[in-house]
Amino acid sequence: RAGYSSDADLEKIARYLHNAKRPLLYVGDGIWKSGAETLATNLAEHFGMNVVSTFGDLRGVSIKHPLHCGRMENSIASIDPDVILSVGVRHSGAGTLEDYRIFSNVKNIIALGSDVENFKNLPGLDLAVLADERRVLEQLNELISSESTSQRYKDRRDDALKRAELLRRQRRNDAQTFDSEYPVVGPISLLDSMDNALEEIGGGLITIEQFAVPLDCVRSTNDISRNIYIKPAGGSEGYGIGAAIGAKLAAPNKPVIGLVGDGSLYYADSGLWTAAHHNIPVMYIIPNNRAYGIVANAFGLAEGEMKQSGEYAGVVLDGIDPAKIAEGFGVESMTVEDESALNDAITRGLSVTEKEGRPFLLNVNVPLGLPKGGKASKPFRFHKP
């Protein structure tokens, strides 16, 4: 097991953060796995550091914290940090020129982690500390506990808060701007309604296997968020239904919402039978974009025939009703197409799970999950002669 950091390394880290103009805390799953979420958050607040995370981590520092700027690769250019402290991160770089380019303006990079994987693919490391994340963050917090928060840190914190709020506002506006030929619920409206409903009853767990609702767009909060967003460790199809069941079995006294895409549901819908048969009170929310959105967007990025014609074949999932599938397995369900009905539907679902002890599925129609301007190609139909 990794242990503590040396005093010399601790002093180097503190000195780097003290002298920085725009320090950045880059967080990964090593933080929450070591139970160091509060310690990492305290460090960011003390030094006025913006926070970014990997694609899969929403917990090291809560994605709802007002200093959080979302995913590193989407935010680093706007933050333009001069010092980066990477904690418990397995960076996804692959040695390309772009990996080096995004760090080109960074003067100092420090990596802290309990495994050598935490130091790979980070170009130009100035300091690598092989130690337990929680133990080192405890040491750092103790080191700065006697240090009064200087005006330098306050100004830095105010600037960092402004940067984070601007980036979050831009992401929310982009996600909520869409065209639709039929009534749908905006992704941000769904995200806010779900998050607020859970917070109002004391907070809960949200397991995630979907891409229609961008989680780094959730509204920030100035108090401690009681909701925990849990993403899978890697790419998956069919993880989401079982993940919510597992989370509920592990935390029976917490409300659990499984945020599962329609395509992911169809990979593992038999798990609904498990929830119904064993009376596992989880609430599934299906952001139904009637498509394998991630596959459709990959086709769009390929710049091939689908992109040129605007017609996407084999990725649109129309004519399937998640609510009917749920009812077939014995799970009560509702469908929402209008934002005005969304809050009442979520309240109903949480009442079924938390008061009646039964699973519930809410099918929410969101914008079609195709690249901008895309439409479904004419489907193949077999006709009798």
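In what follows, every heavy atom counts, from backbone to side chain, and hydrogens, waters and symmetry copies are set aside.
Heavy atoms of other residues, nucleotides or ligands lying less than 6.0 angstrom from OH of Tyr16 number more than 12. For CD of Glu303, the number of neighbouring non-hydrogen atoms (other residues, nucleotides, ligands) closer than 6.0 Å is greater than 12. Heavy-atom contacts from other residues, nucleotides or ligands closer than 6.0 Å to CD1 of Ile294 number 12 or fewer. Heavy atoms of other residues, nucleotides or ligands lying less than 6.0 angstrom from CD of Glu142 number 12 at most. In Phe178, the CZ atom is crowded: over 12 heavy atoms of neighbouring residues, nucleotides or ligands sit closer than 6.0 Å.
Under the 4.5 Å side-chain heavy-atom criterion for grouping Ile, Leu, Val, Met, Phe, Trp and Tyr, Val51 is connected to Val136 within one hydrophobic cluster. In terms of hydrophobic clustering, with Ile, Leu, Val, Met, Phe, Trp and Tyr side chains grouped at heavy-atom distances under 4.5 Å, Leu58 and Val213 are assigned to a common cluster. If you chain together hydrophobic residues whose side chains sit under 4.5 Å apart, Leu362 and Ile188 never meet in one group. Grouping the Ile, Leu, Val, Met, Phe, Trp and Tyr side chains by contacts below 4.5 angstrom, directly or via other members, places Leu125 apart from Leu112. Ile208 and Phe360 end up in the same hydrophobic cluster when Ile, Leu, Val, Met, Phe, Trp and Tyr side chains are linked at under 4.5 Å.
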Residues Thr54, Arg71; criterion side-chain contact (heavy atoms from CB on, under 4.5 Å); working and verdict: CA-CA 6 Å; Thr54 60; Arg71 288 171 57 182; over 6 Å; no
Criterion side-chain contact (heavy atoms from CB on, under 4.5 Å) on Val331 and Trp273, from CA distance to verdict: CA-CA 8 Å; Val331 176; Trp273 178 89; over 6 Å; no
Arg348 vs Met334, side-chain contact (heavy atoms from CB on, under 4.5 Å): CA-CA, chis, key distance, verdict: CA-CA 9 Å; Arg348 168 60 185 164; Met334 291 178 63; 3.9 Å; yes
Asp57/Tyr229 under side chain to side chain donor-acceptor pair (under 3.5 Å): CA gap, chis, key distance, verdict: CA-CA 9 Å; Asp57 183 67; Tyr229 288 85; over 6 Å; no
Check against side chain to side chain donor-acceptor pair (under 3.5 Å), Glu356 and Ser351: CA-CA 7 Å; Glu356 301 177 26; Ser351 176; 4.6 Å; no
Asp29/Arg59 under salt bridge (charged side-chain N to carboxylate O under 4.0 Å, His left out): CA gap, chis, key distance, verdict: CA-CA 7 Å; Asp29 62 4; Arg59 299 172 59 184; over 6 Å; no
Evaluation steps, side-chain contact (heavy atoms from CB on, under 4.5 Å), between Leu85 and Val87: CA-CA 6 Å; Leu85 173 60; Val87 182; 3.8 Å; yes
Salt bridge (charged side-chain N to carboxylate O under 4.0 Å, His left out) between Asp158 and Lys162, worked out: CA-CA 6 Å; Asp158 290 343; Lys162 290 176 183 177; over 6 Å; no
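For the pair Leu350/Ile201, a side-chain contact is recorded, criterion being any heavy-atom separation below 4.5 Å from C-beta on. Within the 4.5 Å cutoff, no side-chain heavy atoms of Ser225 are placed close to those of His65. Looking only at side-chain heavy atoms (C-beta outward), Val185 and Val336 come within less than 4.5 Å of each other. Side-chain contact between Pro371 and Tyr312: present, with at least one pair of heavy atoms (C-beta onward) separated by less than 4.5 Å. Two residues are said to be in side-chain contact when any heavy atoms from C-beta on lie closer than 4.5 Å; Val52 and Ile76 fail this criterion. Contact of the Ser86 side chain with the Ile110 side chain is not registered, since no non-hydrogen atoms from C-beta on lie closer than 4.5 Å. With contacts defined as side-chain heavy-atom distances shorter than 4.5 Å, the pair Pro183/Asn365 does not qualify. Inter-residue side-chain proximity for Phe211 and Asn289 is flagged as unmet; no heavy-atom pair is nearer than 4.5 Å.
Here the OG-CG distance, from Ser145 to Leu140, works out to 11.0 Å after rounding to the nearest 0.5 Å. Here the straight-line distance linking atom CD of Glu73 with atom OG of Ser92 works out to 5.5 Å at 0.5 Å rounding. Rounding to the nearest 0.5 Å gives a distance of 5.5 Å between CD1 of Ile346 and CE of Met283. For the atom pair Glu237 CD and Ser264 OG, the distance stands at 4.5 Å (nearest 0.5 Å). Note that CG of Leu205 is 8.5 Å distant from CG of Leu198, once rounded to the nearest 0.5 Å. The structure places CD1 of Ile280 at 13.0 Å from OG1 of Thr353, a figure rounded to the nearest 0.5 Å.
In this structure, Val282 and Tyr284 approach most closely via the heavy-atom pair CG2-CE1, 3.4 Å. Considering all non-hydrogen atoms of both residues, Ile31 and Gly60 come closest at CG2-O, 3.4 Å. Annotation for Ala40 and Val61: closest pair CB-CG2, 4.0 Å, computed over non-hydrogen atoms. Gly113 and Asn118 make their closest contact through CA-OD1, 3.3 Å (heavy atoms, listed as atom of the first residue, atom of the second, distance). The two residues Leu43 and Asn141 come nearest to each other via the heavy atoms N-OD1, 4.2 Å. Nearest heavy-atom pair across Asp216 and Gly70 is CB-CA, 4.1 Å.
Contact check on Glu332 versus Arg358 returns a salt bridge, with a Lys/Arg side-chain nitrogen under 4.0 Å from an Asp/Glu carboxylate oxygen. Ionic pairing of Glu117 and Arg90 is not present here: no N-O contact between side-chain nitrogen and carboxylate oxygen is shorter than 4.0 angstrom. A salt bridge is absent between Asp159 and Arg163: the closest approach of a Lys/Arg side-chain nitrogen to an acidic carboxylate oxygen does not fall below 4.0 angstrom. Taking a cutoff of 4.0 Å between a charged side-chain nitrogen and a carboxylate oxygen, Asp192 and Arg219 qualify as a salt bridge. The existence of a salt bridge linking Lys64 and Glu199 is confirmed by a sub-4.0 Å separation between a basic side-chain nitrogen and an acidic carboxylate oxygen.
Counted by atom type alone, Ser5 and Gln139 present zero donor-acceptor pairs between their side chains at under 3.5 Å. Asn343 and Ser193 share a donor-acceptor pair across their side chains, judged by distance under 3.5 Å alone.
Within the 3.5 Å criterion, the main-chain N or O of Ala323 finds a donor-acceptor partner in the side chain of Ser333. Using modelled atom types, no side-chain atom of Asp82 and backbone atom of Ala20 make a donor-acceptor pair closer than 3.5 Å. Not one N or O on the side chain of Glu311 forms a donor-acceptor pair closer than 3.5 Å with the backbone of Lys378. Within the 3.5 Å criterion, the main-chain N or O of Gly204 finds no donor-acceptor partner in the side chain of Arg226.
The six-membered or imidazole ring of Tyr153 lies near that of His18, with a centre-to-centre distance under 6.0 Å. The aromatic ring centroids of Tyr26 and His91 lie less than 6.0 Å from each other.
The side chain to side chain contact (heavy atoms under 4.5 Å, CB included) test with His68 is passed by exactly one of Asn50, Leu25, Ile63: Ile63.
Annotation: salt bridge (charged side-chain N to carboxylate O under 4.0 Å, His left out) contacts involving residues 2-22, sequence neighbours excluded, comprise Arg22-Asp80.
With a 6.0 Å cutoff to the six-membered ring centre and a 45° limit on the axis angle, Lys231 counts as a cation-pi contact of Phe55.
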